[in-house]
Amino acid sequence: MRTVTAISMSLVMPAAADTAENDLIARLREGERRAVEEVYVAHHAAIRGFARRLVGDSTAAEDIVHETFVALPRAIRRFRGEGSLRAFLIGVAANHSRRSIRSAMRRRRATERLAAHEELQDRTIDATSQLITKQLADRLWAALDELPIDQRVVFVLCEVEQRTSIEVAGIMGAPEGTVRTRLFHAKRKLREKLGEAP
């Protein structure tokens, strides 16, 4: 008896969660401010994490989060329910990231030019290790800066956030084959930029 109850409860819970999300989406479509606040509380950390991994800058990531939630009342009209609300929000964030990515690229290039003019001082072993790690991170960001935005977004979602190509297709609003092609080209370009054999 308990087993049957446990099974039936587990089957009911996802339906209740779906209903709650559908109600929240309906409230968003009606322009209810409280609904936007609820979505923000539930999803801002995930959107901020995605944006931070995408642009490599906390301030720019915060700007993307802000733009995403400001745009939400208009953007929600495009939501057709094919995926989760969180996946939809990541798609909105990806669309709003283009300007931030360009700004982050400019800042990194300016920092690199400034660093090229500075002389390296004697460093301890720990500082040398940190310097090497920072240089590798800088090389990776420089390589990511060379990718087209769609390839960059797919790379971050698939490789950094470990999402499936099906999930990313839903987020990007693109066919799964297109996502795989973008990921393939992104990886190839990154290997070339980082000096690895293909």
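Just so you know, residue 1 is the first one in the sequence shown, and it goes up from there.
- In this structure, the side chains of R48 and E62 come closer than 4.5 Å at one or more pairs of heavy atoms.
- Here the shortest heavy-atom pairing between L54 and S97 reads CD2-OG, 3.4 Å.
- Taking hydrophobic clusters as Ile, Leu, Val, Met, Phe, Trp and Tyr residues chained together by side-chain heavy-atom distances below 4.5 Å, I149 shares a cluster with V168.
- Side-chain contact between I76 and F88 is present, with heavy atoms from C-beta onward closer than 4.5 Å.
- For the pair F69/V92, no side-chain contact is recorded, criterion being any heavy-atom separation below 4.5 Å from C-beta on.
- Side-chain contact check for T178 versus M172: every heavy-atom pair is 4.5 Å or farther apart.
- H43 places no side-chain N or O within donor-acceptor distance of the main-chain N or O of V39, the cut-off being under 3.5 Å.
- The heavy-atom pair separating R139 from K193 by the smallest distance is NH2-O, 4.2 Å.
- When hydrophobic clusters are built by joining Ile, Leu, Val, Met, Phe, Trp and Tyr residues whose side-chain heavy atoms come closer than 4.5 Å, directly or via intermediates, L140 is grouped together with V154.
- Inter-residue side-chain proximity for V160 and F50 is flagged as unmet; no heavy-atom pair is nearer than 4.5 Å.
- Listed here is the closest heavy atom pair of W141 and R52: CH2-O, 4.0 Å.
- Closest approach of V36 to P73, counting heavy atoms only: CG2-CG, 4.1 Å.
- Taken from CD in E176 to CD1 in I166, the straight-line distance is 4.5 Å, to the nearest 0.5 Å.
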Requested in this report: Decide side-chain contact (heavy atoms from CB on, under 4.5 Å) for Y40 and I47; before the verdict, give the C-alpha distance in whole Å, the side-chain angles of both, and the deciding distance to 0.1 Å.
Outcome: CA-CA 9 Å; Y40 180 84; I47 304 307; over 6 Å; no

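- In this structure a side-chain-to-backbone donor-acceptor pair under 3.5 Å is present from E21 to L85.
- Ion pairing between R34 and E37 holds under the 4.0 Å rule for side-chain N and carboxylate O.
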Query - Verdict with reasoning, K189 to E146, per side-chain contact (heavy atoms from CB on, under 4.5 Å) - result: CA-CA 8 Å; K189 289 175 186 174; E146 298 294 320; over 6 Å; no

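- Annotation: side chain of E67 is not in contact with side chain of V70 (no heavy-atom distance under 4.5 Å).
- Nearest heavy-atom pair across V179 and C158 is CG1-SG, 4.3 Å.
- Placement of F184 and V153 in two distinct hydrophobic clusters is found when ILVMFWY residues are connected by side-chain heavy-atom separations under 4.5 Å, directly or transitively.
- A donor-acceptor contact shorter than 3.5 Å is absent between the side chain of R53 and the backbone of L157.
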Requested in this report: Dump the intermediate steps for side-chain contact (heavy atoms from CB on, under 4.5 Å) on E159 and L183, then the final yes or no.
Outcome: CA-CA 9 Å; E159 296 298 313; L183 181 60; 3.8 Å; yes

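- Shortest non-hydrogen contact noted between L144 and L190 is N-CD2, 3.8 Å.
- Remark: side-chain polar atoms of Q151 are not paired, donor with acceptor, to backbone N or O of P148 under 3.5 angstrom.
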